[in-house]
Amino acid sequence: MPSYRLLRCFFAAVLLFSAAFPAASQTLEEKVREHTFANGMKLLLVERQDSPTFAAYITIGVGSVHEDSETRGVAHLLEHMLFKGTRTLGTTDYKAEKPLLEAIEEAGAALDKVKGRKDADPQQLEALRTRLAKLQEEHSRYVVKDEFSRIYAENGGTGYNAFTSKDLTTYLISLPANKLELWAAIESDRMKNAVLREFYTERDVVMEERRRSYGSNPRGLLYENLIANAYTVHPYRNPIIGWNSDIDNLSLAETREFLHKYYAPINTVIALVGDIDFDSAVSTIERNFGDIPAGTPLPEVTAVEPEPKGEKRVQITFEAEPRFSMAYHKPTLPERDDYVFDLIEQVLSEGRTSRLYKSLVVEKKLAAAVSTSMAPGSRYPNLFVISAVPRHPHTVEEVEAAIDEELKRLATVPVSEADLEKARNRLATDRLRYLRDNGGLARMLTYYQTIAGDWRYIIDYDDVVAGITAEEIMAVAASYFTPKNRTVAILSRGGE
């Protein structure tokens with residue numbers, strides 16, 4: 001899952017674009033060229049001739065927030081499954097493989113139907129498991145592992161990867177400039193002809209991933225419980241990977257239906273950044289993707305999180321050093337308060353001179369680590385999260401009290417103009433560093449086109465931040481950093 005802070009690191013770079021690339025006198029707004037295809041697919045392209053390469057990001061605006069009680073975890077599972085190939089890639093003989101895939105699906109569905117029943121016959125379960133395992137073993141002879149990766153690597157590709165978040169799913173690669181046709185052929189084939197082979201084995205892989213990331217990981221366990229308790233109604237409360245029972249009961253039929261419904265041009269944004277000609281790119285994408293039906297537009301999430309009526313606290317027992325997180329509900333873009341929180345994060349936790357680090361880690365030596373983030377997504381109202389690990393022999397209670405002091409100070413004492421300027425400069429520097437990379441720019445273009453509905457949302461960001469005053473920061477801190485707006489999750493050993 002991508003860092004919300006990193007995603008926000010794109011904003012102020014718009015005005016710095018020309019300074020970063022003196023050979024190009026145009027601003028970013030002038031450099032980005034766009035095209036919308038007849039089936040609804042959106043292309044954003046920035047030409048850079050400084051090296052004969054390009055970064056390609058395909059972002060589908062579907063994430064875990066779009067799942068329902070029957071499909072929780074499906075977006076993340078599909079991220080795995082879409083590496084498995086198509087009718088032509090990932091198989092030695094699809095015609096011979098297809099009947100086996102159908103038999104595997106039938107056997108897997110039969111096993112899933114029986115295994116959850118309280119009166120399940122152990123002998124029947126064992127017979128079904130044996131049949132499924134036998135079919136999977138027979139099927140393995142047709143499977144070509146990691147063929148996408150191999151083809152891309154043989155053609156100079158680097159950074160081939162994907163990620164799923166609450167709000168979207170992205171596939172990315174960097175390639176030599178003369179490989180655009182190859183990229184378009186592979187990615188359009190994936191969209192048209194994906195084959196969900198090895199579904200049941202990959203479902204087991206995801207179950208193990210969940211165990212490592214949450215079940216046996218104190219930080220993951222704490223985060224998951226924090227988010228699940230901070231939200232009561234909104235689907236942001238559910239983990240991207242899904243709950244154990246969700247993953248175990250996801251069916252191949254449900255997964256395929258979700259794929260065919262939403263992983264489609266109408267929900268897709270492509271960004272190409274590098275040594276690519278715009279007209280040639282439009283022609284290439286039209287030729288490869290143009291015949292794909294538009295698909296179903298993503299529905300808006302109508303669930304609205306009710307206003308908190310009081311503080312929530314959750315205690316987690318786990319064999320690990322104590323740690324805790326507190327989350328405050330906040331608005332998301334394009335609300336002005338969301339911009340204010342970007343500056344608040346800088347003042348509180350970014351750098352060794354930030355208030356929380358200086359006070360808790362350096363001066364009082366209460367904490368071994370302290371950090372902030374904005375989570376779990378950004379399409380809908382989200383959370384400002386403060387996390388800390390107490391330094392022995394200090395307690396969670398001591399650290400929490402020290403953090404409360406800093407939040408009260410933020411709400412009552414104006415941030416100096418020097419500190420505000422330092423925060424703005426750090427934001428600008430981070431974003432400029434991110435913008436220099438073709439992949440960083442491609443990622444940001446698809447991200448804001450998907451989340452904000454128009455990548456141009458970023459154009460005025462620097463001006464907005466420059467206009468935020470110390471008094472506004474005080475007002476936002478006083479309004480949001482209140483006990484009734486807070487969820488606190490504490491992880492400690494039993495009895496501590």
- Please walk me through it: do Lys134 and Glu137 pass salt bridge (charged side-chain N to carboxylate O under 4.0 Å, His left out)? CA-CA 5 Å; Lys134 183 178 179 181; Glu137 183 179 358; over 6 Å; no
- Query: Does the ring pair (Phe, Tyr, Trp, His ring centres under 6.0 Å) test come out yes or no for Tyr57 and Tyr171, once each step is laid out?
  - Reply: CA-CA 6 Å; Tyr57 274 61; Tyr171 290 82; over 10 Å; no
- Message: Show, in sequence, the C-alpha distance, side-chain angles and deciding distance for Arg443 and Asp437, and conclude whether the salt bridge (charged side-chain N to carboxylate O under 4.0 Å, His left out) test is met.
- Response: CA-CA 10 Å; Arg443 179 174 181 172; Asp437 177 64; over 6 Å; no
- Query: Would Ile344 and Ile473 count as a side-chain contact (heavy atoms from CB on, under 4.5 Å) if you check the C-alpha gap in whole Å, the side-chain angles of each, and the deciding distance to 0.1 Å?
  - Reply: CA-CA 7 Å; Ile344 286 175; Ile473 291 177; 3.9 Å; yes
- Message: Run Tyr262 and Glu257 through side-chain hydrogen bond (donor to acceptor under 3.5 Å, both in side chains) and show every step you take.
- Response: CA-CA 9 Å; Tyr262 295 129; Glu257 180 182 2; over 6 Å; no
- Kindly determine whether Ser354 and Gln346 satisfy side-chain hydrogen bond (donor to acceptor under 3.5 Å, both in side chains), including the steps that lead there. CA-CA 7 Å; Ser354 62; Gln346 290 292 322; over 6 Å; no
- Item | Derivation of the side-chain hydrogen bond (donor to acceptor under 3.5 Å, both in side chains) call for Thr158 and Tyr152 | CA-CA 8 Å; Thr158 59; Tyr152 275 140; over 6 Å; no
- Message: side-chain contact (heavy atoms from CB on, under 4.5 Å) for Lys330 and Met374? Distances and angles first, verdict last.
- Response: CA-CA 9 Å; Lys330 60 173 282 294; Met374 285 177 266; 3.8 Å; yes
- Task: Report the C-alpha distance between Ile247 and Arg210 in whole Å, list the side-chain angles of each, state the deciding distance to 0.1 Å, and finish with yes or no for side-chain contact (heavy atoms from CB on, under 4.5 Å).
- Result: CA-CA 9 Å; Ile247 301 167; Arg210 175 176 170 76; 3.8 Å; yes
- Message: Quick one, Glu321 with Arg493, criterion salt bridge (charged side-chain N to carboxylate O under 4.0 Å, His left out). Give me CA distance, side-chain angles, the key distance, then yes/no.
- Response: CA-CA 7 Å; Glu321 291 300 315; Arg493 294 187 176 94; 3.2 Å; yes
- Begin from the C-alpha positions of Glu311 and Arg486 and carry the test salt bridge (charged side-chain N to carboxylate O under 4.0 Å, His left out) through to its verdict. CA-CA 5 Å; Glu311 183 183 69; Arg486 178 170 67 187; 2.6 Å; yes
- Item | Test log, rule side-chain contact (heavy atoms from CB on, under 4.5 Å), inputs Arg336 and Ile468 | CA-CA 9 Å; Arg336 186 175 176 88; Ile468 291 171; 3.8 Å; yes
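Scanning all heavy atoms of the two residues, the minimum distance from Val304 to Val233 falls at O-CG1, 4.0 Å.
Judged purely by atom type and a 3.5 angstrom limit, Asp146 has no side-chain atom pairing as donor or acceptor with the backbone of Ser149. The main-chain N or O of Leu89 is found under 3.5 Å from a side-chain atom of Thr86 such that the two form a donor-acceptor pair. Counting only distance, with no hydrogens or angles, the side chain of Asn485 and the backbone of Phe481 share no donor-acceptor pair below 3.5 Å. In this structure, the side chain of Arg379 engages the main chain of Gly61 through a donor-acceptor pair within 3.5 Å. A donor-acceptor pair under 3.5 Å is formed between the side chain of Asn229 and the backbone N or O of Asn225. Between the Arg237 side chain and the Tyr231 main chain, a donor and an acceptor come within less than 3.5 Å of each other. For Ser373 (side chain) and Ala375 (main-chain N/O), no donor-acceptor pair under 3.5 Å exists by modelled atom type. In this structure, Ser213 contributes its side chain and Glu209 its backbone to a donor-acceptor pair below 3.5 Å. With hydrogens and angles ignored, the 3.5 Å screen pairs no side-chain donor or acceptor of Asn267 with any backbone N or O of Ile60. Under a 3.5 Å cut-off, the side chain of Ser174 and the backbone N or O of Ala55 do not form any donor-acceptor pair.
Classified by interplanar angle (parallel below 30°, tilted 30° to 60°, perpendicular above 60°), the ring pair Phe384/Phe341 is tilted.
Side-chain contact between Met444 and Ile458: absent, with no pair of heavy atoms (C-beta onward) separated by less than 4.5 Å. Between Met326 and Ile403 the shortest side-chain heavy-atom distance falls below 4.5 Å. Contact check for Leu78 versus Thr169: no side-chain heavy atoms found under the 4.5 Å cut-off. The shortest distance between side-chain heavy atoms of Leu221 and Ile316 falls below 4.5 Å. Taking the side chain as every heavy atom from C-beta outward, Tyr448 and Leu333 approach each other to under 4.5 Å. With a 4.5 Å cut-off on side-chain heavy atoms, Gln136 and Tyr200 count as touching. Within the 4.5 Å cutoff, the side chain of Tyr380 has heavy atoms near those of the His234 side chain. Between Asp204 and Glu208, every side-chain heavy-atom pair lies at or beyond the 4.5 Å cut-off.
With rounding to the nearest 0.5 angstrom, the OH atom of Tyr236 is 12.5 Å from the CG atom of Asn238. If you take CD1 on Ile104 and CG on Leu196, they are separated by 12.5 Å, rounding to the nearest 0.5 Å.
A 6.0 Å sphere centred on NZ of Lys115 holds more than 12 heavy atoms belonging to other residues, nucleotides or ligands. For Arg426, the CZ atom is densely surrounded, since the number of other residues' heavy atoms within 6.0 Å is greater than 12. No more than 12 heavy atoms of other residues, nucleotides or ligands sit less than 6.0 Å from atom CD of Gln123. Shown here is Lys312, whose NZ atom has more than 12 heavy atoms of other residues, nucleotides or ligands within 6.0 Å. A 6.0 Å sphere centred on CD of Glu106 holds no more than 12 heavy atoms belonging to other residues, nucleotides or ligands.
Remark: Arg203 engages Asp112 in a salt bridge, criterion side-chain N to carboxylate O under 4.0 Å. Salt-bridge check for Lys364 with Glu405: passed, with a basic side-chain N closer than 4.0 Å to an acidic carboxylate O. In summary, Glu67 and Lys261 do not engage in a salt bridge, as defined by a charged side-chain N under 4.0 Å from a carboxylate O. Of the charged side-chain nitrogens involved, none lies within less than 4.0 Å of a carboxylate oxygen, so that Lys422 and Glu350 do not count as a salt-bridged pair. With respect to Glu97 and Arg141, no salt bridge is recorded, no charged nitrogen being found less than 4.0 Å from a carboxylate O.
Partner Arg197 forms a side-chain contact (heavy atoms from CB on, under 4.5 Å) with one of His139, Glu202, Met81 and no other, that one being His139. For the pairing with Glu406, the side-chain contact (heavy atoms from CB on, under 4.5 Å) check across Leu356, Val347, Ile386 returns one residue only, Leu356.
Side-chain polar atoms of Glu254 and Thr71 form no donor-acceptor pair below 3.5 angstrom. Donor-acceptor pairing under 3.5 Å is lacking for the side chains of Ser349 and Ser371. Between Arg212 and Asn217, the side chains place no donor N or O within less than 3.5 Å of an acceptor N or O (distance only, hydrogens not considered).
Taking the centre and axis of the six-membered ring of Phe199, the NZ or CZ atom of Arg256 falls outside the cone set by 45° and 6.0 Å.
Ring centroid separation for the pair Phe83 and Phe148 does not come in under the 6.0 Å cut-off.
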